[in-house]
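Within every chain, numbering begins at 1; the chains are lettered A, B, ... in the order of the sequence lines, protein sequences first and strands thereafter. Because the structure is a prediction, the values reported are computed rather than measured. In what follows, every heavy atom counts, from backbone to side chain, and hydrogens, waters and symmetry copies are set aside.
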There are 2 protein chains.
Amino acid sequence: MENISHTEENYLKAIFKIAEREEKAASTNAISAEMSTSAASVTDMLKRLSEKGLIHYEKYKGVTLTANGDKIARHLIRKHRLWEVFLVDKLDFSWDEVHDMAEQLEHIQAPELVERLDAFLGFPKFDPHGDPIPDAKGNFTFRKQSPLLEMSIGDQGVVVGVQDHSTAFLQYLDRLRLVLGAKVQLVEHFEYDESVKILLNGEQEQILSKKVAQNLFIQKS
Amino acid sequence: MENISHTEENYLKAIFKIAEREEKAASTNAISAEMSTSAASVTDMLKRLSEKGLIHYEKYKGVTLTANGDKIARHLIRKHRLWEVFLVDKLDFSWDEVHDMAEQLEHIQAPELVERLDAFLGFPKFDPHGDPIPDAKGNFTFRKQSPLLEMSIGDQGVVVGVQDHSTAFLQYLDRLRLVLGAKVQLVEHFEYDESVKILLNGEQEQILSKKVAQNLFIQKS
DNA sequence: AAATATTTTTAGATTAATCTAAAAAAATAA
DNA sequence: TTATTTTTTTAGATTAATCTAAAAATATTT
């Protein structure tokens, strides 16, 4: 087990993310876009990660994570999301403020710290954006959820997550009171611009743009 | 305000520590010993830190921190000690386990996080080893304390800190129940080996070696 | 004050992580 | 199936942080 740098960790996370999103091997270009580095830098790094046994790499063929690489990536995501819960639940940050801090905290290497933090937080299964937190073995809790936009008239449910994690979107959701746990019922689809009308918390009718409805995950009830 | 790397931060901390301990400009060799790097590496780094306006450096003359360098060093110490309090008070680590984790956590860059952590912990003035935590402006709380060895027969007081921060010493103190807050009265000095006899918490008489008595700070009452 | 010892700096390399520009391979279009 | 475009890799540099070995400066001892 060699040492692994922060930078290498970030590449593993990027590869994991791409694989999850695109459901195939990550290309050099995809990684370079995800990391905001040049394709040449990515190629260099892929060679290094491959030598360390963290990825499967064949020239021109894209890469996948080895079992070990995958484990490290999941552990990073675990740490990132646990720290986000800490920042929001204990230090009262809001969900749009915590990403950059968690991005740093996820690189802290101290396995016992992670386990104790998990316990201190009450073994949360989801982070402040509704994303699942892998357990110590790397397993995610799955949840049936669908974008608000894909619900049918009359369907009811609860806001459980977001697709877009941008500050702008999260702050906008706060304004609309569309926070995690909010109850929504789909009232109407407007074909013209694909906007939707919802009933929020059984009280208030509201119209949401297609963009908002697309990026909001609902668990139907 | 340029970027400052973890490594540069560690050098600033080392220089601060040496200046505090030796009360004079830090020499290249002292820094090289403190950091476990070669003297040549130190010289290289001193040039860089000097260019960034963090230290006053003249060849062959040793270095001191500039106002800015000093501020950064104190902030690092603040972060280190606050994180130690977090680890002990909230995550139930013991005082001999937290150093390495705090060594990583002190490099997290997020000023608001530090202030919120401070508040969450109840604005502690001392860390789990009894070392003072600088406030947001970098000021330490001073406390009148003396090594147990320098107390006079009959003097009473409370354990408030340690000089030696090694795991071995801290674990030994746990065994002897000489934790922070313990009440001690000096009963006798043995000239032969400079060991001392104390009365611990008004109950138990105990003999302590010179080495222990030297490294334990007491606040007299 | 000269000789010796110690400390500090310089010179020259190395490694990780990055870049741009050019070459090579693979994919797509004509 | 060529020709063109896109993607990926290689070549060659750069910067931060480190090293060893040698040179230079400073401090200490005789």
Below 4.0 Å: OP1/OP2 of [N] and any side-chain N or O of [X]:
{"X": "A/Tyr57", "N": "D/dT8", "answer": "no"}
{"X": "A/Asn29", "N": "D/dT8", "answer": "yes"}
{"X": "A/Lys47", "N": "D/dT9", "answer": "no"}

Aromatic ring proximity A/His99/A/His80, centre distance under 6.0 Å =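 Yes, they do, as the ring centres are separated by less than 6.0 Å.
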
Mind listing the N/O atom pairs, protein and nucleotides 22-29 of chain D, below 3.5 Å?
{"residue": "D/dA25", "atom": "O4'", "partner": "B/Tyr60", "partner atom": "OH", "Å": "3.3"}

Cation over ring face, [X] and [Y], 6.0 Å, 45°:
{"X": "B/Arg74", "Y": "B/Phe16", "result": "no"}
{"X": "A/Arg143", "Y": "A/Phe126", "result": "yes"}
{"X": "A/Lys90", "Y": "A/Phe120", "result": "yes"}

Donor on one side chain, acceptor on other, A/Glu97 and A/Gln171, under 3.5 Å |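 No, because no side-chain N or O of A/Glu97 sits under 3.5 Å from a partner of the opposite role on A/Gln171.
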
Close side-chain approach of B/Phe190 and B/Ile207, heavy atoms under 4.5 Å |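 Yes - at least one pair of side-chain heavy atoms lies under 4.5 Å apart.
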
Would you list the protein and nucleotides 13-20 of chain D atom pairs, both N or O, that sit under 3.5 Å from each other?
{"residue": "D/dA17", "atom": "OP1", "partner": "B/Ser5", "partner atom": "OG", "Å": "2.5"}
{"residue": "D/dA17", "atom": "OP2", "partner": "B/Arg48", "partner atom": "NH1", "Å": "2.2"}
{"residue": "D/dA17", "atom": "O5'", "partner": "B/Arg48", "partner atom": "NH1", "Å": "3.3"}
{"residue": "D/dT18", "atom": "OP2", "partner": "B/Tyr11", "partner atom": "OH", "Å": "3.4"}
{"residue": "D/dT18", "atom": "O4", "partner": "B/Asp44", "partner atom": "OD2", "Å": "3.0"}
{"residue": "D/dC19", "atom": "OP2", "partner": "B/Ser38", "partner atom": "N", "Å": "3.0"}
{"residue": "D/dC19", "atom": "OP2", "partner": "B/Ser38", "partner atom": "OG", "Å": "3.0"}
{"residue": "D/dC19", "atom": "OP2", "partner": "B/Ser41", "partner atom": "OG", "Å": "2.3"}

Single hit among A/Glu8, A/Glu103, A/Glu20 for salt bridge (Lys or Arg N to Asp or Glu O under 4.0 Å) with A/Lys13 =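 Result for salt bridge (Lys or Arg N to Asp or Glu O under 4.0 Å) with A/Lys13: A/Glu103.
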
Please work out if B/Thr43 contacts a base, only the sugar-phosphate, or nothing of the nucleic acid, heavy-atom cut-off 4.0 Å.
->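 If one applies the 4.0 Å heavy-atom cut-off, B/Thr43 turns out to touch a base.
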
Which value, rounded to the nearest 0.5 Å, describes the distance between B/Leu173 atom CG and B/Leu178 atom CG?
->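 With rounding to 0.5 Å, CG (B/Leu173) is 6.0 Å from CG (B/Leu178).
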
